[in-house]
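Below is one structure, written out as structure tokens, with a few remarks after it.
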Amino acid sequence: QVQLVESGGESVQAGGSLRLSCAASGYIASTHCMGWFRQAPGKEREWVAHRLNIGVADYASSVKGRFTISRDIAKNTVYLQMNSLKPEDSGTYYCAARIGVCSPVESSYTAWGQGTQVTVSS
């Protein structure tokens with residue numbers, strides 16, 4: 001059974017950068033798709049990015065060009081590098097995993113972390 005633990009969230013000024021980490025315990029194969037989602041207060045959780053170990057990553061239009069998702073299979077860790085942060089990027093960020101092809105559909109992911117809080121002030 002896969003367990004995911006996020007870290008790296010904090011408060012930053014607009015224009016700043018953060019790198020979130022998601023450490024997985026249990027076996028994460030290269031065939032697992034790893035994704036990041038986020039939820040702002042009062043809003044539904046939304047997909048941010050995902051990638052398999054091999055192949056291109058995909059991003060929500062709101063973060064494309066600013067965020068980068070990467071994976072270190074040896075460390076069983078997935079990262080989300082966030083640059084040029086905006087106040088609207090604030091929220092709780094969740095790491096998620098699913099077997100097989102990637103999808104932006106939240107319900108298709110079978111393992112979730114508890115989330116890490118990101119606050120971007122203007």
Quick check: do Leu80 and Thr68 have side-chain heavy atoms less than 4.5 Å from each other? no
With no hydrogens and no angle check, is any side-chain donor or acceptor of Ser90 less than 3.5 Å from a backbone partner on Val120? yes
Sequence neighbours left out, what passes salt bridge (Lys or Arg N to Asp or Glu O under 4.0 Å) with Glu46? Give chain and number order. Arg38
With sequence neighbours excluded, what pairs up with Arg45 under the salt bridge (Lys or Arg N to Asp or Glu O under 4.0 Å) test? Glu106
Do Leu18 and Val5 sit in one hydrophobic cluster, given that two such residues count as connected whenever their side-chain heavy atoms are within less than 4.5 Å of each other, even indirectly? no
Which ILVMFWY residues can you reach from Phe37 by hopping between side chains whose heavy atoms are under 4.5 Å apart? Trp47, Tyr94, Tyr109, Trp112
Could you report the tightest heavy-atom contact between Ser70 and Arg51, atom names first, then the distance? CA-CD, 4.1 Å
Where at least one partner belongs to residues 85-122, residue pairs that pass disulfide bond (SG atoms under 2.5 Å apart), sequence neighbours excluded: Cys22-Cys95, Cys33-Cys102
Nearest 0.5 angstrom please: Ser121 OG to Lys86 NZ, how far? 15.5 Å
When every non-hydrogen atom of Thr77 is compared with those of Ser21, the smallest separation belongs to CG2-CB, 4.4 Å
Could you tell me if the side chain of Thr116 sits less than 4.5 Å from the side chain of Leu20, heavy atoms only? yes
Scan side-chain atoms only and decide if Gln117 and Thr92 contain a donor-acceptor pair under the 3.5 Å cut-off. yes
What's the shortest heavy-atom distance between Ala97 and Leu4, and which atoms? N-CD1, 3.9 Å
For the side chain of Asn76 and the backbone of Gly26, is there at least one donor-acceptor N/O pair under 3.5 Å apart? yes
Give a yes or no on whether the backbone of Arg19 and the side-chain of Gln81 come within a donor-acceptor separation of less than 3.5 Å. no
If you count every heavy atom of other residues, nucleotides or ligands that lies below 6.0 Å from Glu88 atom CD, does the total exceed 12? yes
Checking side-chain polar atoms at under 3.5 Å, does Arg98 have a donor or acceptor matched by the opposite partner on Thr110? no
When you compare the side chain of Val118 with that of Met82, does any pair of heavy atoms fall below 4.5 Å? yes
Quick note, salt bridge (charged side-chain N to carboxylate O under 4.0 Å, His left out) partners involving residues 59-82, not counting sequence neighbours, are Arg66-Asp89
Work out which heavy atom in Pro87 is nearest to a heavy atom in Ser122; give both atom names and the distance. CG-CB, 3.9 Å
According to the ring-ring contact (aromatic ring centres under 6.0 Å, His included) rule, which pairs have a member within residues 68-93, sequence neighbours left out? none
Got a second to check how far Leu52's CG is from Ile99's CD1, nearest 0.5 Å? 11.5 Å
Evaluate the side chain to side chain contact (heavy atoms under 4.5 Å, CB included) criterion for residues Val78 and Ile69: first the C-alpha distance (whole Å), next the side-chain angles of each, then the deciding distance (0.1 Å), finally the verdict. CA-CA 7 Å; Val78 62; Ile69 184 171; 3.8 Å; yes
